[in-house]
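Below is one structure, written out as structure tokens, with a few remarks after it.
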Protein chains: 2
Amino acid sequence: MQNSFTEENYLKIIHALSGREGLEVSTNALAESTSTRAASVTDMLRKLAEKGLIHYKKYQGVRLTEAGEKVAINVIRKHRLWEVFLVEKLGFGWDEVHDIAEELEHIPSDHLVERLDAFLGHPRFDPHGDPIPDAKGNLTEPDYLVLTDVQIGEKVRMMGVLDHAPSFLQHLDRAGITLGSVIEIREINEYDKSASVQINENHTLFISLEVSKNLLVQRR
Amino acid sequence: MQNSFTEENYLKIIHALSGREGLEVSTNALAESTSTRAASVTDMLRKLAEKGLIHYKKYQGVRLTEAGEKVAINVIRKHRLWEVFLVEKLGFGWDEVHDIAEELEHIPSDHLVERLDAFLGHPRFDPHGDPIPDAKGNLTEPDYLVLTDVQIGEKVRMMGVLDHAPSFLQHLDRAGITLGSVIEIREINEYDKSASVQINENHTLFISLEVSKNLLVQRR
DNA sequence: AATAATTTTTAGATTAATCTAAATTTTTTT
DNA sequence: AAAAAAATTTAGATTAATCTAAAAATTATT
């Protein structure tokens, strides 16, 4: 049988919270992420376990089964493809697409996803730099580093963000930092750990530690 | 407050069944169209009336209010725009898009609809020839005629279909009849009322009365 | 106009997803 | 290892959308 909008969301969130290592996710963490109460989460977990989508033992937290992982990754694939569509084809800003993609990701139709993927030219990354799983569900997280791990004097390329909040993305827009920007760390200010960086060999500015922690970059 | 997926569907169906004249729609007709039971329809009608979306008096059938009409037309606008997208951009056949558009039509976001509309070049008609309401909700049904009303010897242009069933559309594909085709009625066969028609001054074939009844055409 | 047939509504349940409050289990802290 | 704190589950409701069976209203037919 089919999975509901809500079930898909739980699976997607379990995937996100369990991280690369597939760690156990707690009931409270899910309640937080789904904006529901722990009791509601417990009910849903029992249901997902019954459907064979998660491994669940009372009080022990949850992990996705293979089947659950497959569903979650397909939802992520759809989410990211729709985000590419919204930005590349409809001209939305990268700060505007998340909520709409949250809806579109649940439209069922494999046929639709595959045609959308082809229409977009089989993109490998979404507008925030997140990798798009392929049709078979292969999702390889590129091993970018966080800007805080970059040494003074190094030049790196901006490849993604950890925080997807519109306010953060808009802040980057104002700073002239976009995917592909070249960032050179000039110095770290003792006072507030902010960094002086040069963007695209071009303009220089301060970015706060908070911002640095949320920028994914690649050595070149 | 927002309208649910289900509420939007009821409004859309009431709109369709009440026709151009805004006639009263019966509970049973709605049960049929929504694939539910009359009792379920009654419950929903009470709810829609409470929200001010329909005029409803017990046992008297329903009509849309101005507000309900607006919602219905917006759903129709979204449905038809998405159909254009699916056919024009993703390469789906006109017989394949209905079910997917039934889902997409409920994605909320005015911003999305307006950008989609612009991306598609503000199309006036969907892939079945149905007119697309504009952003203000103006929906002008063009006054096409049904092929059965065309005289022998007349040449007309195919502009739309009354039946949207995939099997009918596939039948037209096999007959080489598409939107814009020029159809000339050569003769009506006494025996089964089938028509001999010539398509695009090119090939000739028989079409059944059933088919003729579902073809919308325009004199030129 | 009375009766029969049809349509519609009401009454009372059901399912999915949620809730609050209370009970239980696990974890942490003395 | 008790006691306290935190996390989780259970019990019992609630809301939206649906259902079946029975009652009521309308329409059609003698």
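Throughout, protein chains are lettered first and strands after them, A, B, ... in sequence-line order, and every chain is numbered starting at 1. Fair warning: this is a prediction, and the values are worked out from it, not measured in the lab.
- Applying the salt bridge (charged side-chain N to carboxylate O under 4.0 Å, His left out) test to every pair with at least one member in residues 159-169 of chain B, sequence neighbours left out, gives no pairs at all.
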ask   = How does each nucleotide of nucleotides 5-12 of chain C score, in 5' to 3' order, for protein heavy atoms under 4.0 Å: base (B), sugar-phosphate only (S), or none (-)?
value = --SBBB--

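- As judged by a 4.0 angstrom heavy-atom cut-off over every strand, A/Y10 is placed among residues touching the sugar-phosphate backbone only.
- Remark: A/H55 pairs with no residue by the ring pair (Phe, Tyr, Trp, His ring centres under 6.0 Å) rule, at least two apart or across chains.
- Rounded to whole angstrom, the span from the CD atom of A/E32 across to the P atom of D/dA6 amounts to 16 Å.
- Using a 4.0 Å cut-off, some side-chain N or O of A/R37 falls inside it from OP1 or OP2 of C/dT20.
- Rounded to an integer number of Å, the gap from A/E7 CD to C/dT15 P is 15 Å.
- Annotation: salt bridge (charged side-chain N to carboxylate O under 4.0 Å, His left out) contacts involving residues 109-127 of chain A, sequence neighbours excluded, comprise A/R77-A/E114, A/R77-A/D117, A/R80-A/D126.
- Residues passing the side chain to side chain contact (heavy atoms under 4.5 Å, CB included) test with B/M44, sequence neighbours excluded: B/T6, B/E7, B/Y10, B/K47, B/L48.
- Look at CD on B/E50: it is 10 Å from P on D/dA16, rounded to the nearest Å.
- Listed by first then second residue, pairs satisfying side-chain hydrogen bond (donor to acceptor under 3.5 Å, both in side chains) with a partner in residues 88-97 of chain B read B/W94-B/D173, B/D95-B/Q170, not counting sequence neighbours.
- Note: CD (A/Q2) to C1' (C/dT15) measures 17 Å, nearest angstrom.
- Using modelled atom types and a 3.5 Å distance limit, the side chains of B/D192 and B/S194 yield a donor-acceptor pair.
- Atom CG of A/L30 is separated from atom C1' of C/dT18 by 15 Å (rounded to the nearest Å).
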